[in-house]
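Data first, discussion second: the structure below is written as structure tokens.
For the numbers below, each heavy atom of this structure counts, side chains included, while hydrogens, waters and symmetry mates do not. A quick note: this is a predicted structure, and the numbers were derived from the prediction, not measured.
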Amino acid sequence: MKVEKPEKYNHRSLVVGIYNKLFDEFGKQNWWPAETPFEVVVGALLTQQTKWQNVEEAIKNLKQRGLMDAESIASSDIELLEETIYCTGFYRQKAKRLKQISTFFSENKMEEVFSLPLDELRNTLLSLNGVGPETADSIILYAANRQKFVIDVYTKRIMKCLGIEGNYSQLQELFEKNLPDDVDVYKEYHALIVEYAKKYCVKKKCDICPLTGEFNGPDYL
DNA sequence: CACCAGGTTGACC
DNA sequence: GGTCAACATGGT
């Protein structure tokens with residue numbers, strides 16, 4: 001799973017170097033162990049601005065009530081959904097969005113949607129209410145199992161500590177242009193960033209971040 | 001008590 | 001393109 005690091009210093013050595021350092025410290029993450037791709041979609045929506053621990057509880061609740069498939073959620077009462085996912089916060093808008101997304105996937109075969117050309121797939125997901133860039137890319141990467149690098153607030157924070165700032169698409173391009181064509185590397189990388197950030201980058205402090213200092217990323221964006 | 005958690009939206013400049 | 005308040009609960 002390790003990626004060979006190029007010799008001279010450039011964007012690629014930075015992107016690859018960070019990956020290898022995180023992999024050395026945290027190892028394989030094996031992220032997002034869901035029973036079905038649909039469960040990943042549900043998790044991606046519920047985890048917005050929410051701790052994963054609470055999402056797990058909501059997923060457990062949904063399963064207990066037989067609501068872990070698109071058709072069941074699409075036809076279920078909005079108030080029942082609200083009650084079921086209450087623990088994830090923003091429960092009113094999330095219940096509404098969850099129902100809409102489930103309706104979409106009950107009317108469109110998930111397998112076919114996930115086989116669309118990458119850009120088309122992404123735009124389709126983005127057109128759903130409640131699905132922004134990060135959620136769309138999480139679904140593409142972890143549910144559709146296709147190559148899209150997920151940028152989250154932690155990724156932005158870490159890169160900023162290294163002197164690299166950019167908007168979502170700029171950062172995404174930086175990673176995607178410098179990583180090998182390997183979905184598993186994409187999956188592990190994002191998971192590693194989250195684990196790393198939860199340990200070192202809380203409260204926007206860069207001073208205790210071990211990456212800072214090791215990689216002197218100039219401002220390229 | 002203040003702040004954060006694996007964001008998105010709609011309004012506005 | 002960028003910024004900002006809402007959205008809501010539970011934990012530290």
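Checking the phosphate oxygens (OP1, OP2) of C:dT9, a side-chain nitrogen or oxygen of A:Tyr86 falls inside 4.0 Å. For the OP1/OP2 pair of B:dA5 and a distance below 4.0 Å, the side-chain nitrogens and oxygens of A:Thr47 include no atom meeting the criterion. Residue A:Arg92 places none of its side-chain N or O atoms closer than 4.0 Å to OP1 or OP2 of C:dC7. Considering only side-chain N and O atoms, A:Tyr91 lies nowhere under 4.0 angstrom from the phosphate OP1 or OP2 of C:dC7. Phosphate contact (OP1/OP2 of B:dG6, side-chain N/O of A:Arg157, threshold under 4.0 Å): absent.
Note: NZ (A:Lys148) to P (B:dG6) measures 23 Å, nearest angstrom. The distance between atom CZ of A:Phe90 and atom C1' of C:dG10, rounded to the nearest whole Å, is 12 Å. Following rounding to the nearest Å, A:Leu171 (CG) and C:dG1 (C1') show an atom-to-atom distance of 15 Å. The CD-C1' distance, from A:Glu56 to C:dG10, rounds to 15 Å in whole Å. Between the CD atom of A:Gln49 and the P atom of B:dG7 there is a distance of 5 Å, given to the nearest Å. Rounded to whole Å, the distance from CG on A:Asn167 to P on B:dG7 is 17 Å. At whole-Å resolution of the value, CD in A:Glu195 and C1' in B:dA5 are 13 Å apart. Between A:Asp137 atom CG and B:dG6 atom P the separation is 18 Å, expressed in whole Å.
Between A:His190 and A:Tyr142, the ring-plane angle classifies as tilted under the 30° and 60° cut-offs. Ring geometry, A:Tyr91 versus A:Tyr86: the interplanar angle falls from 30° to 60°, so the pair is classed tilted. Below 30°, between 30° and 60°, or above 60°: for A:Tyr196 and A:Tyr200 the angle between ring planes is between 30° and 60°, a tilted geometry.
Looking at A:Asn178 and A:Tyr19, their side chains never bring a donor and an acceptor atom within 3.5 Å of each other.
In terms of position on DNA chain B, the residue among A:Trp32 and A:Val131 whose nearest nucleotide sits closer to the 5' end is A:Trp32. Heavy-atom distances to DNA chain C give each of A:Gln53 and A:Thr50 a nearest nucleotide, and the one nearer the 5′ end belongs to A:Thr50.
Ranking C:dA8, B:dG6, B:dT9 by closeness to the A:Gln93 side chain, first place goes to C:dA8. Of the candidates B:dG6, C:dG10, B:dG7, the closest approach to any side-chain atom of A:Trp52 belongs to B:dG6. Listed nucleotides: C:dG11, B:dG7, C:dG2. Nearest to the side chain of A:Lys51: C:dG11. For A:Gln48, the side-chain atoms get nearest to B:dT8 when compared with the rest of B:dG10, B:dT8, C:dA8.
Here A:Thr135 contributes atom OG1 and A:Leu128 contributes atom CG; the two are 10.5 Å apart, rounded to the nearest 0.5 Å.
If you check every strand for non-hydrogen atoms under 4.0 Å, A:Val153 touches sugar and phosphate atoms only. As judged by a 4.0 angstrom heavy-atom cut-off over every strand, A:Gly89 is placed among the base-contacting residues. Across all strands, A:Leu128 comes closer than 4.0 Å only to sugar-phosphate atoms, never to a base (heavy-atom distances).
Remark: the separation of the P atoms in B:dC1 and C:dA8 is 22 Å, to the nearest Å. Nucleotides B:dG6 and C:dG2 place their C1' atoms 23 Å apart, quoted to the nearest Å.
Put simply, A:Trp31 rests on the base of B:dG6: the two rings are less than 5.5 Å apart at their centres and nearly parallel, under 30°. Under the stacking criterion of a centre-to-centre distance below 5.5 angstrom and an interplanar angle below 30°, A:Tyr154 is not stacked against the six-membered ring of B:dG6.
Ionic pairing of A:Lys96 and A:Glu82 is not present here: no N-O contact between side-chain nitrogen and carboxylate oxygen is shorter than 4.0 angstrom.
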